[in-house]
Amino acid sequence: MAEKFKFTPSAPSSLKEQYDVVIIGSGGAGLVSALQARELGLRPVILEKMPTVGGNTMRASSGMNAAETNIQLREGIVDSFAEFYQETYQGGGRLNDPELLNYFTTHSGQAIDWLRSHGIILNDLTITGGMKKKRAHRPKSTAPIGSFLVNNLLWLLDQIKVPIFTQATVTELLKDDASKIKGVKVQIAGESKTIFAPAVILATGGFGASKQLLKRYRPDLLAYKTTNQVGATGDGIILAEHIGAQVLQMEMIQIHPTVQQDTPHTYLIGEAVRGEGAILVDQQGVRFTNELGTRKVVSEQITALPEQAAYLIFDHGVKERVKAIDFYASKGLVVSAATPSELAKKLQLDPTVLADTLLQWNTAVETKKDVKFGRTTGMQRKLEKAPYYAIHVAPAIHYTMGGLHINEKAQVLDQAGNIIAGLFAAGEVTGGLHGNNRIGGNSIAETVVFGRQAGQQAAVYLA
C-alpha cells in the first residue's frame, strides 16, 4: 500500500439517484462502514459536506485502543476485555452504556485483526491516560494514527470503486409512509438532489465546533477554543432529531488538557507524548498532577493553576517515540534547548527548580514509584537525553461524548426507544459509549468497531 494516496473526489455529475446505503461523513467511521458494506455486497456512497475528507479523524495522533491482541502478547502484556471494560467504565464516571461498552471492548481485538487483514498494520503500542496497560495500537513508524488510517482506507475504497463526494451537504433524511428510511436530500454543485437508499449511516462526527449546540447544552464552554475541525457542527444529530431520533448525554463535553493555543490555529498535543514519558510543569517549573490521569482530571488541574496553562516537558527519547512531535515542531509549537537549564531560561522558569523537578522525576522512573502523584504508567525512560523540549499547553474543547442514542447494532433509536428502520450511526455522532469522559485511544477504536458494525447491520437489514 502506498505511503501517501492522492485522493480525488468523485465528480458531482456522477452522483446516481439510487444506492443501497448512503453514508454521511468521511471520517474513520464513515470510511470503515463503507468498506465493510461494500465487501458485504452493498453499493454504498459517501457524502462529505467539507471540501476535504477525513473529518476529526485526521487530527487523531495517539492510537487505537484494543485488548487481548497478539501485538500486546508480543510485548509481554497480558490484557483482558474485562479490564478494558472496567477501566473505560471507571474513566467515564460509570455513566457508560453497558451494552455499547461491552460490544466495544469485546470487538476491539477483532477490529485490529480486520485492519491488518486489509494491510493496515498497527504493530506498536503506547499508553493513554486512564489506562493501566498499553492498549493504544499505532503503526510501527509511530505516525499519527488518524491520517494513517484515513489515507489507507481511502486507498482501499478507491480500489473497489466506492464513490466519495465532497462539498455534498445532506439537508434532510427521508422516510416512507411506514416510517422507514428511503433516502436523503443533498445539496451538491449548486443543486438540490434526492438520492434514494433504503439505509443511511450517519458518521458525521460530533459538535465540538458548533456554537449553536454548545449554547444549547453547555453555554459555560462558549469561551473555550476547540481542537475540532470547522465541520464538526453536529449535522447528523440535527438531521436525525428532525425525524424523531433520541439524543442523550449531550451536556457531556470533554475538555482536552494539552492543546497549544498560542497560534491562530489550535493544535492538540496527543496523549502519546505523555504516554511515552513527558511531564507537565507549572509556571514555576514544578509538577502538579499525575500526567496520565483522565483527561477530565488533568484538565481540571491545569485550569486550577493561576495561569490556567502549563508546559509539557520531554527529551529526545520521547521525541523519537512520537512522530507527531516533528509535525508540532514544523508548526513552531516546540521550544528546544541543549540542556534543561537553557530550556528553563527560554521558558522564563527558574533553572534550579526545573532541574530539581527533572531529578525527582528521573528518580521516580528509576524506582518505579512516583511519590508525589502516584503515576504508574508512561515511566519507561528517564528524561535525560538531549536535546530537551517544551510545548505550552492549556485545555480546550475536544470531544462531545453525547449524541444519538444507538443500540449495540448501531441502529438509531427514536424518542420512545424504538429502532428507526434503516438508520444507523457510528462514531462521535453517537452518545453513551464513553460516559462523562472519553479515554484517549477509544475514539479511533470506536470508529472502527462501530463503523464495521454499521456496515454489517446495514447489510443484514437489506438482505
Side-chain angles (χ1 to χ4, degrees), residues 15-27 29-30 33-34 36-38 40-49 100 162-165 168-188 191-207 210 212-213 216 231 233-250 402-432 450-451 453-463:
L15 182 64
K16 296 176 182 176
E17 288 186 2
Q18 189 157 8
Y19 295 90
D20 292 327
V21 56
V22 170
I23 296 161
I24 309 173
S26 67
S33 63
Q36 184 70 89
R38 183 70 189 91
L40 289 171
L42 302 186
R43 294 177 305 113
V45 62
I46 297 174
L47 303 177
E48 167 59 56
K49 73 170 184 179
L100 294 183
V162 172
I164 303 175
F165 296 88
T169 302
V170 174
T171 57
E172 189 178 352
L173 301 177
L174 304 175
K175 294 166 82 174
D176 64 17
D177 294 339
S179 289
K180 294 180 179 180
I181 290 293
K182 69 172 184 179
V184 303
K185 283 188 178 178
V186 60
Q187 193 76 26
I188 184 169
E191 291 183 65
S192 180
K193 295 186 176 184
T194 297
I195 300 175
F196 294 99
V200 169
I201 296 173
L202 295 169
T204 52
F207 59 95
S210 170
Q212 173 194 346
L213 291 177
R216 189 196 307 179
T233 51
D235 299 28
I237 295 170
I238 295 167
L239 285 168
E241 276 192 299
H242 283 163
I243 61 165
Q246 185 181 87
V247 297
L248 74 167
Q249 299 183 338
M250 292 290 283
L404 298 175
H405 191 179
I406 62 168
N407 61 20
E408 66 170 18
K409 292 184 177 180
Q411 297 165 312
V412 178
L413 307 181
D414 67 14
Q415 296 286 350
N418 299 314
I419 293 164
I420 299 176
L423 187 61
F424 304 85
E428 196 178 351
V429 70
T430 67
F450 282 101
Q453 178 69 314
Q456 290 170 17
Q457 294 304 320
V460 170
Y461 175 72
L462 297 178

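Both backbone and side-chain heavy atoms feed into the values below; hydrogens, waters and symmetry mates do not.
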Fill in the blank from the handout: Residue set satisfying side chain to side chain donor-acceptor pair (under 3.5 Å) with Thr204, at least two apart, ordered chain then number -> none
Handout entry: Heavy-atom side-chain proximity of Val45 to Lys16 below 4.5 angstrom
Key = no
Practice task
Evaluate the side-chain proximity of Ile23 to Val162: yes if any heavy-atom separation is below 4.5 Å, no if none is.
Solution key: no
Problem - Summary of salt bridge (charged side-chain N to carboxylate O under 4.0 Å, His left out) pairs that have at least one residue in residues 234-248, sequence neighbours excluded - result: Lys49-Asp235, Arg216-Glu241
Completion exercise
Correct closest heavy-atom pair for Ala240 and Leu404 would be CB-CD2, 3.6 Å
Fill in the blank from the handout: In terms of heavy-atom contacts, Arg43 and Gln18 come closest through NH1-O, 3.5 Å
Exercise for the section: Check whether any side-chain heavy atom of Lys185 sits under 4.5 Å from a side-chain heavy atom of Thr194, and report yes or no. Expected result: yes
Exercise for the section: Please report the shortest heavy-atom distance between Leu202 and Gly236, naming the atom on each side. Expected result: CD1-O, 3.8 Å
Problem - Sub-4.5 Å side-chain heavy-atom contact between Leu47 and Ile195 - result: yes
Problem - Contact list for residues 175-184, test side-chain hydrogen bond (donor to acceptor under 3.5 Å, both in side chains), sequence neighbours left out - result: none
Practice task
With rounding to the nearest 0.5 Å, note down the distance linking CG in Leu413 to NE2 in His405.
Solution key: 5.0 Å
Completion exercise
To the nearest 0.5 Å, atom CD of Gln187 lies from atom OG1 of Thr169 at 7.5 Å
Completion exercise
Note: Ser26 and Ile46 closest approach over all heavy atoms is CB-CG2, 4.0 Å
Problem - Verdict with supporting geometry, Thr233 and Gln212, side chain to side chain contact (heavy atoms under 4.5 Å, CB included) - result: CA-CA 8 Å; Thr233 51; Gln212 173 194 346; over 6 Å; no
Fill in the blank from the handout: Here the pair of heavy atoms bringing Val412 nearest to Ala425 is CG2-CB, 3.7 Å
Handout entry: Euclidean distance, Lys409 NZ relative to Gln411 CD, rounded to 0.5 Å
Key = 6.0 Å
Completion exercise
Between Pro163 and Pro44, the two heavy atoms sitting closest are CD-O, 3.5 Å
Exercise for the section: For residues 417-428, pull every pair meeting side-chain hydrogen bond (donor to acceptor under 3.5 Å, both in side chains), keeping only residues two or more places apart or in separate chains. Expected result: Thr400-Glu428
Completion exercise
dist Ile237:CD1 -> Ser210:OG (nearest 0.5 Å) comes out at 9.0 Å
Exercise for the section: Taking the side chain as every heavy atom from C-beta outward, state whether Ile243 and Leu423 have any atom pair closer than 4.5 Å. Expected result: yes
Exercise for the section: Measure the shortest side-chain to side-chain distance between Thr430 and Phe450 over non-hydrogen atoms and say whether it is less than 4.5 angstrom. Expected result: no
Exercise for the section: Find out whether His242 and Leu173 are in side-chain contact, i.e. whether some heavy atom of one side chain is under 4.5 Å from a heavy atom of the other. Expected result: no
Below 3.5 Å, can you tabulate the donor-acceptor pairs from side chains in residues 454-463 to any protein atom, sequence neighbours excluded?
from   : atom 1 : to     : atom 2 : distance (Å)
Gln456 : NE2    : Gln36  : OE1    : 3.2
Gln457 : NE2    : Gln453 : OE1    : 3.2

Handout entry: Any donor-acceptor pair under 3.5 Å from Glu48 side chain to Ile24 backbone
Key = no
Handout entry: Sub-4.5 Å side-chain heavy-atom contact between Phe424 and Ser33
Key = no
Completion exercise
Residue set satisfying side chain to side chain donor-acceptor pair (under 3.5 Å) with Gln249, at least two apart, ordered chain then number -> none
